[in-house]
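What follows is one structure encoded as structure tokens, with my remarks underneath.
Chain letters run A, B, ... following the sequence lines, proteins first, then strands; residues in each count from 1. If you're wondering where the values come from, they're calculated on a predicted model, not measured in any experiment.
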4 protein chains.
Amino acid sequence: MNQSNNFLILTDQSVINESSTESSKNMSPRTAQQLSQLKQDKRVIIMDAALRLFAEKGFHSTSVAEIAKEAKIAKGLIYSYFDSKETILKTITKEGLDDTFKVFSLFHNTPIQSDEQIKQLIDALINRVLEKKEFYKLYYSMFLHPHVMEAFEAEMAEAAAKFTAPLLAYFVEKGDEDPESTILFIQATLDGLLFNTLFNPHIFRIEKLKPKLWKLLKKEIS
Amino acid sequence: MNQSNNFLILTDQSVINESSTESSKNMSPRTAQQLSQLKQDKRVIIMDAALRLFAEKGFHSTSVAEIAKEAKIAKGLIYSYFDSKETILKTITKEGLDDTFKVFSLFHNTPIQSDEQIKQLIDALINRVLEKKEFYKLYYSMFLHPHVMEAFEAEMAEAAAKFTAPLLAYFVEKGDEDPESTILFIQATLDGLLFNTLFNPHIFRIEKLKPKLWKLLKKEIS
Amino acid sequence: MNQSNNFLILTDQSVINESSTESSKNMSPRTAQQLSQLKQDKRVIIMDAALRLFAEKGFHSTSVAEIAKEAKIAKGLIYSYFDSKETILKTITKEGLDDTFKVFSLFHNTPIQSDEQIKQLIDALINRVLEKKEFYKLYYSMFLHPHVMEAFEAEMAEAAAKFTAPLLAYFVEKGDEDPESTILFIQATLDGLLFNTLFNPHIFRIEKLKPKLWKLLKKEIS
Amino acid sequence: MNQSNNFLILTDQSVINESSTESSKNMSPRTAQQLSQLKQDKRVIIMDAALRLFAEKGFHSTSVAEIAKEAKIAKGLIYSYFDSKETILKTITKEGLDDTFKVFSLFHNTPIQSDEQIKQLIDALINRVLEKKEFYKLYYSMFLHPHVMEAFEAEMAEAAAKFTAPLLAYFVEKGDEDPESTILFIQATLDGLLFNTLFNPHIFRIEKLKPKLWKLLKKEIS
DNA sequence: CATGAATGAGAGTTCATTCAT
DNA sequence: GATGAATGAACTCTCATTCAT
């Protein structure tokens, strides 16, 4: 129902890959490591297959049978790795957000001190989205059905602050009269560019539009 | 898979009202009686109910039973007016697009001759979206799952040109070196603002950001 | 896990047939009464089919598909009348218990004043079980899987007291040194007789053993 | 559907140990070493685990995975010892019945010659049930779903006669007019007491009711 | 011998659609 | 036109059983 995060604000590193260290007992014909590797591989195969289909068709239009087929495994096996179809979605989301967060982490500890750094931050984000198009398709689609996002609301709110704070500090220092609005405007513009990049790729090339984006940033700042 | 329309470029009246012949034959200004009759029209009641639910919960998560309940009619009656649940979606979309197109029509016949006219065009669009939030939520959500849109692709491509052409002409005349990119950038920015307005309403107020949008337009133009 | 009711102690009349008065609106082509009748009929048909199968094969070994087949309806229709397979079981149980309770009600208001009245009470119960063999098969089988019974524990505890109290009063008055044990012994004997009547019908005829039961009662009393 | 055995009448040694040849070939008194070896025996471990779960949750609600977990072995290993989950049940039943039969064997060769001996027989049986509660829970539960028992029907009919014969002879000699009924009544009473002992333990203490049982027996006899 | 990943049939349940009334 | 009971395909999920290791 209510959601209060910017679109591009993501979770932090404290979310750890919980489900990859378990199941390593020591009494099997297959070595524990083999099994753990196997498990990890299948887990990733399933998540990749599911992501591909979720991104293309949407969560509700994708059946577990289709995921299994896409992953070339039996339907039932999926439930050895995930509790439910919804868990697959949540796991993909969590790991995808963790991943994205790393991009921000690079800029996290040292405060932004120049326009160039903002440009780098945004450029890194754009590249990330281009590298992980399917995940970001899913990411944007999740905003349409907020109940799915509720699970992540806390993490995203926390992360939001981490992203907003340094930018805010920079714009405040620059003497921006309404830095909150500036940030929202920049973020919305980015959303629009990325959204078109993802869902309108035929005629939309973000590379060609970057100069306009930089110009916009510079004008906002000065 | 492939789709080649800008987000805010919509169909025009030349799209024939295939599935709406029963109740909305005449597109001319309606008398008060006609309007009240329209409200009574089961077809409209069903579409309104469906739109509310599709926008809130998504197409696949909305059942025909729920639509019937929301419309306060029997489930079976829906099939007297629509062939299928998907037909309801397509009809809503088609009529919604037609409606939006009328906004553009105001600017259609007389070529754009001033920055102020562009501002008016965009302002009219923003107001249209704010007035019909539910439809535009549905509209954006359909871009995420392109296979639903395939039915409209041709119409939208045609309409896209109609929107693009006058803008293009204006920016060309203004001496813009890359008017196509300018248009894409403006349109993407608008998408970002509207997307956030629709799906992030808690912290996003487009009214406060309009000045920044006008400034951006002016700087793009000059 | 814990259960503290005697086997033959049942719920009281205060449990009303909740699910038979609803769904009587007044605007349908089929009259409301027709529909209500229809609903009631199907409900009973489904419950009868389910009871037959639950009694014979057990709850867990009976599939919803089998119930549908036995009831000669489509699988899905069952879910118009019952939320789940477990709800069918619970409804059958509740209505069956209500029904049995009526037997006790006949003896409820006037305190037991003679051995003959106890004999009549028990005879009525035996006849009830013979008339509703399938229900009582189900009833006894439920003791094997206490978690199903948990839902009825409160009602049964309440009813238990209603059954126990008058008997207890009678045995106390008669000067029985340990009336609680007497009641438990009688009840267990009855359980044994009824259990064999239900599940060992080939060689077990309760009619022939009634004289021994009456003799036992008389000797317990005197 | 049809079943023609009394509840407490069990199979004798003539029932061939089909599925237990691997580990329990010799039925003679076991040495301490043999016993300890038996404990190690995976077959026994699996059966014990399965019995515990079947008794508590029922056959159909117990999964092979749960049995494996309870037995602390791998799921697959179960299928080295048993053909199927149903085979586990049948083997448990068969061996449990064999075991119980030994109680009767003590009284088998020397004909019953006094009321005291009947009391001893019944007391031995009660103690057996109290010692092996889980098995007898399973045993009673199997009567409710006769199709599971079909496999044992022949054996049990044969054993029934062996139990019935000496008792019958005794009651005939005592001058009982309807000794078959007497036996059925005693057996049913015992069923009732044991059933309550097993499934209604909270309020039911067979120890306190034994005097009433002995009194009943004495009165039946005299 | 021992493991648990893998399979796939079948379970309970939902829901778009049909149709007798 | 209007109803909602009825259908059955398709869904998510479970689990007995198999088998490569």
Side-chain angles (χ1 to χ4, degrees), chain A residues 23 25-32 34-35 38-39 41-43 60-68 72-88, chain B residues 42 60-69 72-88, chain C residues 23 25-32 34-36 38-39 41-43 60-68 72-88, chain D residues 42 60-69 73-88:
Chain A
S23 82
K25 292 174 184 174
N26 54 349
M27 41 145 153
S28 51
R30 278 197 195 89
T31 67
Q34 274 176 318
L35 277 176
L38 195 64
K39 272 214 159 190
D41 288 354
K42 275 284 156 61
R43 228 182 81 90
H60 284 106
S61 304
T62 302
S63 73
V64 173
E66 283 172 310
I67 297 171
K72 284 169 188 158
I73 57 168
K75 211 175 20 159
L77 187 57
I78 287 177
Y79 291 89
S80 303
Y81 295 92
F82 299 94
D83 286 345
S84 66
K85 190 178 129 181
E86 197 167 4
T87 303
I88 304 178
Chain B
K42 287 277 158 61
H60 281 100
S61 301
T62 301
S63 70
V64 173
E66 284 172 308
I67 297 170
K69 198 176 179 186
K72 287 171 187 155
I73 57 164
K75 220 177 359 166
L77 190 56
I78 288 178
Y79 290 87
S80 303
Y81 294 94
F82 299 94
D83 286 345
S84 67
K85 189 177 133 183
E86 198 166 4
T87 303
I88 304 177
Chain C
S23 83
K25 291 173 183 173
N26 54 348
M27 43 150 150
S28 50
R30 277 197 197 89
T31 68
Q34 273 177 320
L35 277 178
S36 171
L38 195 64
K39 270 216 158 188
D41 289 352
K42 274 286 156 57
R43 226 182 83 91
H60 285 106
S61 302
T62 302
S63 73
V64 173
E66 284 171 309
I67 298 171
K72 286 171 189 155
I73 55 167
K75 208 170 26 152
L77 186 57
I78 287 178
Y79 291 89
S80 303
Y81 294 92
F82 299 94
D83 286 345
S84 67
K85 190 179 132 182
E86 197 167 3
T87 302
I88 304 177
Chain D
K42 288 276 157 63
H60 280 101
S61 301
T62 301
S63 72
V64 173
E66 283 172 308
I67 297 170
K69 199 175 179 185
I73 58 167
K75 220 179 355 168
L77 191 55
I78 287 177
Y79 289 86
S80 303
Y81 294 94
F82 299 94
D83 287 347
S84 68
K85 190 178 133 183
E86 199 167 3
T87 303
I88 304 177

Provide the closest heavy-atom pair for C:A74 versus C:A68 in the form atom of the first, atom of the second, distance.
C-CB, 4.0 Å
Please classify the nucleic acid contact of A:T87 as base, sugar-phosphate, or nothing, using heavy-atom distances under 4.0 Å.
nothing
Starting at NE2 of D:H60 and ending at C1' of F:dT14, how long is that distance when rounded to a whole Å?
14 Å
Rounded to whole Å, please give me the gap between CD in C:E66 and C1' in E:dG12.
13 Å
Applying the 3.5 Å cut-off to both distances, the Watson-Crick or G-U partner of E:dT21 turns out to be F:dA2
Measure across C:T62 and C:K85 and return the closest heavy-atom pair with its distance rounded to 0.1 Å.
O-NZ, 2.7 Å
So, OP1 or OP2 of E:dT14: does either fall under 4.0 Å of a side-chain N or O from C:Y79?
no
So what's E:dT7 paired with, Watson-Crick or G-U wobble, going by both distances under 3.5 Å?
F:dA16
Protein-nucleotides 8-10 of chain E N/O pairs closer than 3.5 Å?
unit_1: E:dG10; atom_1: O6; unit_2: A:K75; atom_2: NZ; d: 2.7

Between B:S61 and B:E66, which heavy-atom pair has the shortest distance, and what is it?
O-OE1, 3.5 Å
Nearest 0.5 Å please: distance from the CD atom of A:E86 over to the CD1 atom of A:I88.
10.5 Å
Quickly work out the C:F82 CZ to E:dG12 C1' distance and round it to whole Å.
16 Å
Closest-nucleotide 5' rank along DNA chain F - winner of B:I73 and A:A65
B:I73
Spacing of A:I67 atom CD1 relative to F:dC11 atom P, expressed in whole Å:
11 Å
Atom OH of D:Y81 and atom P of E:dT3: how far apart are they, to the nearest Å?
10 Å
Taking for each residue the nucleotide of DNA chain E with the nearest heavy atom, is it B:K85 or A:K72 whose nucleotide lies nearer the 5' end?
A:K72
Nucleotide F:dA20, atom P - distance to NZ of A:K42 in whole Å:
14 Å
Among C:I73, C:T87, C:D83, find the residue that satisfies the side-chain contact (heavy atoms from CB on, under 4.5 Å) test when tested with C:I78.
C:I73
Under 4.0 Å, counting only non-hydrogen atoms across every strand here, what does A:T62 touch: a base, just sugar-phosphate, or nothing?
sugar-phosphate
Result for 5'-nearest mapping on DNA chain E, choosing between C:D83 and A:I78, is A:I78
